[in-house]
Amino acid sequence: MTPLLTAGVGPAIQALLDDLVASHRPSSPAGRVPESIPHLASADPLAFGIAVAGVDGSMASSGDADLPLSIQSISKLFSLALALAHDPEGNLWSRVLREPSGTPFNSLVQLEAEAGIPRNPFINAGALVVTDFLVELLGDAAGSVVGFLRDLSGSAHVAVDEGAAQAELAASSRNRALANFLAGFGNLRNPVETVLEHYVRHCSITMTCRELARAGLFLANGGQGGPGGQPVLSAAQTKRINSVLLTCGMYDAAGEFAYRVGLPGKSGVGGGILAVVPGRCTVCVWSPGLDAKGNSVAGTSALAELTARTGWSIF
Ligand code: GLN
């Protein structure tokens, strides 16, 4: 364990991140990219970036940490946070559970068997319910997630890649089926196409590792750190989001990720992973090649090494 790494992001972090880039950047294309999102096929399979944002305001990064990536399901974490920021009583939780699914992120079977109540907000069915909640509350759900992310990251560059969104929308048979199941069970309050479009558009937001690490910092900081010094969420809400991230953030690989990395985290099929080290920092890592569960291969192994070398696991 590196003794220097005891508070915030110290100078030793830069050397560590450079080291992780050198040893985890793929030397040849590995893993796969999702077929349902045509735009992701064009991502550089050898890309690898990592950024660490400290609760003390410090930031370190290495590799391709300034290249925009498609945040995909990492957006589900921010759409949930935005929904809960408007829902202090937690009414949302009557429409979506907080249990690991043990099934792939786009699975249909469980939703039918469990009468249209998704297992958690981080699988696609649950995120569609959260998006529906935001449409009802704010109208422009995707635009509101973009605004939220701009505020949190301090970056005006955060935007929806409209080309990627249109291409995914045209290939969204499974998500459309999930949304129709939800509607059939009375767990969608807006039209299927409206909810689907907002969902796909917030998945198609592009951000860099540095922007994502900064945007997630409130999760490492008890909910503090919104624009103008306002809290983003209460400490209790933040604790609970981190709990759901730990148990559900990596879909049916949540157990394996907890075993290898030991941090709450959220992955996306764009190859990004945002992990939270409560009280200390956030880490965003990106490499496009995915494993069979849809999580970045190189990203997961880099995080495993990072927590092994720093002791930054919650366990
Ligand atoms: N937009 C993707 C989908 O709905 C997000 C999936 C993911 O990142 N796991 O399938």
Side-chain angles (χ1 to χ4, degrees), residues 31-43 68-80 96 100-108 110-111 118-132 134 141-142 145-146 149 160-182 188 192-207 209 212 216 244-245 248-254 256-257 265-275 284-297 299-300:
R32 44 183 212 129
V33 289
E35 283 150 27
S36 58
I37 307 178
H39 264 59
L40 297 182
S42 59
L69 62 121
S70 185
I71 71 170
Q72 292 299 323
S73 282
I74 300 174
S75 69
K76 294 171 180 167
L77 149 57
F78 294 101
S79 56
L80 176 66
V96 56
S101 68
T103 57
F105 60 80
N106 56 5
S107 173
L108 285 148
Q110 206 166 45
L111 193 61
R119 276 289 177 102
N120 66 70
F122 297 143
I123 51 173
N124 290 10
L128 285 162
V129 170
V130 174
T131 304
D132 180 57
L134 288 176
V145 176
V146 170
L149 283 166
V160 174
D161 178 339
E162 298 291 353
Q166 289 315 313
E168 183 180 344
L169 209 49
S172 277
S173 304
R174 287 189 77 96
N175 285 333
R176 192 167 278 111
L178 285 167
N180 275 296
F181 262 56
L182 290 165
L188 221 56
V192 162
E193 284 306 317
T194 306
V195 176
L196 189 61
E197 189 172 332
H198 282 281
Y199 165 81
V200 168
R201 290 185 68 243
H202 73 61
C203 286
S204 302
I205 291 170
T206 56
M207 293 173 75
C209 288
L212 273 168
V244 185
L245 283 173
C248 310
M250 315 295 286
Y251 325 113
D252 46 342
E256 186 65 15
F257 189 81
K266 185 75 211 79
S267 62
V269 291
I273 304 175
L274 178 58
C284 181
V285 62
W286 170 54
S287 190
L290 307 176
D291 63 20
K293 306 278 174 82
N295 300 318
S296 172
V297 176
T300 305

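Ligands are counted one by one from 1 in listed order, and the atoms in each one are counted from 1 as well. As the structure is a prediction and not an experimental result, all values here were calculated from the model.
- Tested against Ile71 for a side chain to side chain contact (heavy atoms under 4.5 Å, CB included), the candidates Thr206, Leu149, Asp161 yield a single pass: Leu149.
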*Kindly determine whether Ile37 and Gln72 satisfy side chain to side chain contact (heavy atoms under 4.5 Å, CB included), including the steps that lead there.*
CA-CA 10 Å; Ile37 307 178; Gln72 292 299 323; 3.3 Å; yes
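- Atoms of ligand 1 found under 4.0 Å from any heavy atom of Tyr251 (numbered from 1 in listed order, with element): 7 (C), 8 (O), 9 (N).
- The line from CZ of Arg32 to CG of Leu40 is 12.0 Å long, rounded to the nearest 0.5 Å.
- Less than 4.0 angstrom separates some heavy atom of Gly268 from each of these atoms of ligand 1: 8 (O).
- Short contacts between ligand 1 and Asn175, defined as distances under 4.0 Å to a heavy atom of the residue, involve ligand atoms 3 (C), 4 (O), 10 (O).
- Proximity to Gln72 (heavy-atom distance under 4.0 Å) selects the following atoms of ligand 1: 1 (N), 2 (C), 5 (C), 8 (O).
- For ligand 1, the atoms sitting less than 4.0 Å from at least one non-hydrogen atom of Cys203 are 1 (N), numbered in the order shown with element in parentheses.
- With hydrogens left out, the protein atom closest to atom 6 (C) of ligand 1 is Ser73 OG, 3.1 Å, a heavy atom.
- Here the side chains of Ile123 and Ser107 are not in contact, with every heavy-atom distance at 4.5 Å or above.
- For atom 10 (O) of ligand 1, the nearest non-hydrogen atom from the set Leu290, Asn106, Asn124 comes from Asn124.
- No option in His198, Arg201, Glu197, His202 other than His202 meets the side chain to side chain donor-acceptor pair (under 3.5 Å) test with Thr131.
- The shortest separation from a heavy atom of Ile37 to ligand 1 is under 4.0 Å, placing the residue in contact.
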*Taking it one step at a time, do Phe257 and Ile273 satisfy side chain to side chain contact (heavy atoms under 4.5 Å, CB included)?*
CA-CA 11 Å; Phe257 189 81; Ile273 304 175; 4.1 Å; yes
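- Residue contacts with ligand 1: Glu168 is placed with a nitrogen or oxygen under 3.5 Å of a nitrogen or oxygen of the ligand (distance criterion only).
- Between the side chains of Tyr199 and Ser172, not a single donor N or O lies within less than 3.5 Å of an accepting N or O.
- In terms of protein heavy atoms, atom 4 (O) of ligand 1 is closest to Tyr199 OH, 2.6 Å.
- Looking at heavy atoms from C-beta onward, Leu178 lies out of side-chain contact with Pro118 at the 4.5 angstrom threshold.
- For ligand 1, the atoms closer than 4.0 angstrom to any heavy atom of Phe105 are 6 (C), 9 (N), 10 (O).
- At a heavy-atom cutoff of 4.0 Å, ligand 1 is contacted by no atom of Arg174, backbone or side chain.
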